[in-house]
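Take a look at the structure below.
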Amino acid sequence: QELEEVRRWEGARDVRPLDGNVRRWSGLLLPNNPPYNTGAFRFELTFSPNHPWEPPCATLRTPIHHPSVDPEGRVCQPLTTHVHWEHTTRAIQVLQDLLLQLDSPDPQRVLRPDVARELQERPEEFRRRAEEHTRLHAEPRPD
């Protein structure tokens with residue numbers, strides 16, 4: 001049911017269980033805003049055996065130049081921390097929050113301080129590097 005809800009959402013494409021495992025989903029996120037909106041970003045959403053009582057874990061598999069995503073693809077996403085998690089939160093809300101974060105980098109949600117500093121102190125340089133990184137690493141956007 002939650003998978004079907006995500007498949008109808010316009011912010012993602014090609015969402016499906018990974019290797020037939022209903023606890024691991026893969027798909028493409030489609031950012032709306034520059035510098036990321038020229039590409040599509042592969043994500044994985046992994047659900048705990050205790051879902052919905054424990055939050056899922058979102059990981060970006062496509063490299064991205066972003067202050068809230070580390071080189072391994074881990075995301076600084078307060079919504080999915082045990083402190084903020086509500087068992088009524090749906091998978092689509094986790095992905096919508098992730099997409100909003102990609103569209104609007106927040107210097108307060110930091111996993112890469114160097115990139116956050118670049119965003120704050122040299123925004124033109126940040127944008128240029130993020131656009132180049134997107135061109136080199138992101139997947140083509142589906143029609």
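Salt bridge annotation for R127-E124: absent, with no cationic side-chain nitrogen under 4.0 angstrom from a carboxylate oxygen. Note on E131 versus R128: no salt bridge recorded, every NZ/NE/NH1/NH2 to OD/OE distance being 4.0 Å or above. The pair E132-R129 does not meet the salt-bridge criterion, since no charged nitrogen lies less than 4.0 angstrom from a carboxylate oxygen.
Here the closest non-hydrogen pair linking V75 and Q101 is CG1-NE2, 4.0 Å.
Looking only at side-chain heavy atoms (C-beta outward), P67 and F126 come within less than 4.5 Å of each other. At least one side-chain heavy atom of L99 sits under 4.5 Å from a side-chain heavy atom of P31. Contact annotation: the side chain of L111 never approaches that of V69 to less than 4.5 Å [non-hydrogen atoms, C-beta and beyond].
Residues passing the side chain to side chain contact (heavy atoms under 4.5 Å, CB included) test with N21, sequence neighbours excluded: R23, R24. Among residues two or more places apart in sequence or in another chain, the salt bridge (Lys or Arg N to Asp or Glu O under 4.0 Å) test is passed with E121 by none. Qualifying side chain to side chain contact (heavy atoms under 4.5 Å, CB included) partners for Q108, counting only residues two or more places apart in sequence or in other chains: D106.
Residue pairs meeting the salt bridge (charged side-chain N to carboxylate O under 4.0 Å, His left out) criterion with at least one partner in residues 27-42, sequence neighbours excluded, are D14-R42, R42-E139. A salt bridge (charged side-chain N to carboxylate O under 4.0 Å, His left out) check over residues 49-67, counting only residues at least two apart or in different chains, returns the pairs E44-R61.
More than 12 heavy-atom neighbours from other residues, nucleotides or ligands sit within 6.0 angstrom of CD on E72.
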Scan the side chains in residues 33-41 for donor-acceptor partners under 3.5 Å anywhere in the protein, sequence neighbours excluded, and list what turns up.
from : atom 1 : to   : atom 2 : distance (Å)
N33  : ND2    : D103 : O      : 3.3
Y36  : OH     : H65  : O      : 2.5
N37  : ND2    : N32  : O      : 3.4

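Here the side chain of R74 pairs no donor or acceptor atom with the backbone of P71 at under 3.5 angstrom.
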